Amino acid sequence: MGLIISKYGQLLLRAMGQTLLLALCGLFFACIIGMIFGMMSVVKNKPCNIIARVFVDVVRGVPMIVLAYFIYFGFPYLMNNMLGNNITLSALQAGTICLALNCGAYMAEIIRAGIQSVDKGQMEAARSLGLPYWKSMRKVVLPQAIATMIPSIINQFIITLKDTSILSVIGFPELVNTAKNVVANTFMSFQTWTIVAVMYLVVILLLSQLSKVMERRMNRGRN
């Protein structure tokens, strides 16, 4: 194990950095997607509700590895046939899109649940003061909803971080893909995967602790 750490330690740390970068990029765009479809699911508009429901159900119903293959291989092939252009996606671009869509579907549900957790009287009070619907949502409802969403968002980030390992199938140099190369070079499978497991565990424990701290602070703020 000492040999792997001394010879490949920096390589594995860089791969962990790539994993965190991919997870952060995916979560950033997932928050945007989740906000859009989360808002569409709570507005009093049947077509918007249906579109949001279909998006969430379809994306959550497709295994992430299938989604990754489709975006990396299938989507450029489809676009090239339709437009006649030579469109290609890098592993980072495809991985970010895949994580953003997959995580965005779950974020939409988190945001929908967060908004619906706010007492309806808050919206009614804001509207009675003459505020338009969207301003009432932005100024009154969303700030309260976000306070309840943050722990769930951090938990979703943890899930997204672990899901990056699936993207080794499209060649992105994240931690699992790099570990496979180390194993191929050293034939030290047990030691390599033990180091990788510890690296994931350390990061996830830190994020879990952050989630607990923020949840305690928000609970104190509401009491």
Side-chain angles (χ1 to χ4, degrees), residues 1-31 33 58-80 86-107 151-213:
M1 190 175 292
L3 174 65
I4 294 175
I5 293 174
S6 61
K7 190 172 182 180
Y8 296 101
Q10 290 187 348
L11 181 64
L12 291 172
L13 284 174
R14 283 198 299 271
M16 187 77 245
Q18 291 289 319
T19 300
L20 289 170
L21 171 65
L22 181 60
L24 284 169
C25 289
L27 186 67
F28 173 77
F29 291 107
C31 286
I33 293 171
V58 168
V59 173
R60 293 202 303 182
V62 176
M64 191 170 167
I65 191 169
V66 176
L67 186 62
Y69 277 129
F70 174 76
I71 292 170
Y72 190 60
F73 297 109
F75 180 74
Y77 175 80
L78 183 65
M79 289 295 100
N80 291 339
N86 187 22
I87 297 174
T88 58
L89 292 175
S90 67
L92 177 60
Q93 291 170 334
T96 300
I97 294 169
C98 179
L99 285 178
L101 289 174
N102 183 268
C103 182
Y106 291 93
M107 287 293 297
S152 297
I153 292 173
I154 295 176
N155 288 333
Q156 187 58 47
F157 177 64
I158 293 172
I159 294 169
T160 302
L161 178 64
K162 291 189 287 186
D163 283 346
T164 57
S165 61
I166 297 173
L167 299 176
S168 63
V169 299
I170 61 173
F172 183 76
E174 46 75 54
L175 189 55
V176 169
N177 193 26
T178 302
K180 288 179 182 178
N181 294 331
V182 172
V183 171
N185 290 331
T186 63
F187 301 101
M188 301 174 73
S189 178
F190 174 78
Q191 297 89 330
T192 302
W193 292 116
T194 299
I195 292 169
V196 169
V198 170
M199 292 175 72
Y200 270 115
L201 186 62
V202 168
V203 174
I204 288 169
L205 286 176
L206 289 173
L207 289 170
S208 298
Q209 190 60 35
L210 174 63
S211 175
K212 291 176 183 177
V213 169

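All values derive from a computational prediction rather than experimental measurement.
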### Message
Quick check for you: to the nearest 0.5 Å, what is the distance between Asn80 atom CG and Phe75 atom CZ?
### Response
9.5 Å

### Task
Decide yes or no for Tyr106 and Ile153: does some side-chain heavy atom of the first lie under 4.5 Å from some side-chain heavy atom of the second?
no

### Query
Side chain of Gln93, backbone of Ser90: donor and acceptor closer than 3.5 Å?
yes

### Query
If you count the non-hydrogen atoms of other residues, nucleotides and ligands that lie under 6.0 Å from OH in Tyr77, is the total more than 12?
no

### Query
Can you tell if the side chain of Thr192 reaches within under 4.5 Å of the side chain of Tyr8, non-hydrogen atoms only?
no

### Task
Indicate yes or no: at least one non-hydrogen side-chain atom of Ile204 is less than 4.5 angstrom from one of Phe157.
no

### Minimal non-hydrogen separation, Tyr200 against Leu161, with atom names
CE2-O, 4.1 Å

### Exercise: identify the closest heavy-atom pair between Cys98 and Leu167
SG-CD2, 4.1 Å

### Query
Could you give the distance from OG1 (Thr194) to CG (Leu201), rounded to the nearest 0.5 Å?
12.0 Å

#### Entry: Beyond-backbone contact of Val182 with Val196, side-chain heavy atoms, under 4.5 angstrom
no

### Task
Could you walk me through whether Leu99 and Phe29 pass side-chain contact (heavy atoms from CB on, under 4.5 Å), step by step?
CA-CA 9 Å; Leu99 285 178; Phe29 291 107; over 6 Å; no

### Message
With side-chain contact (heavy atoms from CB on, under 4.5 Å) as the criterion, how do Ile166 and Phe172 come out once you've worked through the C-alpha distance, each side chain's angles and the decisive distance to 0.1 Å?
### Response
CA-CA 10 Å; Ile166 297 173; Phe172 183 76; over 6 Å; no

### Task
State, yes or no, whether a side-chain contact exists between Cys103 and Leu27 at a heavy-atom distance under 4.5 Å.
yes

### Summary
The side-chain contact (heavy atoms from CB on, under 4.5 Å) partner of Leu22 among Thr96, Asp163, Thr160 is Thr96

### Task
With side-chain contact (heavy atoms from CB on, under 4.5 Å) as the test, would you mind laying out the steps for Met188 and Val183 before giving the verdict?
CA-CA 6 Å; Met188 301 174 73; Val183 171; over 6 Å; no

### Task
State, to 0.1 Å, how close Asn177 and Ser168 come at their nearest heavy-atom pair, and which atoms those are.
CB-CB, 3.7 Å

### Task
Check whether any side-chain heavy atom of Arg60 lies under 4.5 Å from a side-chain heavy atom of Asn102, and answer yes or no.
no

### Task
Work out which heavy atom in Ala91 is nearest to a heavy atom in Gly171; give both atom names and the distance.
CB-C, 4.3 Å

### Task
Could you give me the CA-CA distance, side-chain angles and deciding distance for Thr178 and Glu174, then say whether side-chain contact (heavy atoms from CB on, under 4.5 Å) is met?
CA-CA 6 Å; Thr178 302; Glu174 46 75 54; over 6 Å; no

### Query
If you measure from CD1 on Ile4 to CH2 on Trp193, what distance do you get to the nearest 0.5 Å?
11.0 Å

### Least distance between heavy atoms, Ala94 atom then Ile170 atom
CB-CD1, 4.1 Å

### Message
Could you tell me if the side chain of Ser165 sits less than 4.5 Å from the side chain of Leu175, heavy atoms only?
### Response
no

### Message
Distance check, rounded to the nearest 0.5 Å: Thr88 atom OG1 versus Phe73 atom CZ?
### Response
12.0 Å

### Message
When you measure from the side chain of Thr164 to the backbone of Thr19, do you find a donor-acceptor pair of N or O atoms at a distance under 3.5 Å?
### Response
no

### Task
Please tell me if the side chains of Ile195 and Met199 come closer than 4.5 Å, counting only heavy atoms from C-beta onward.
yes

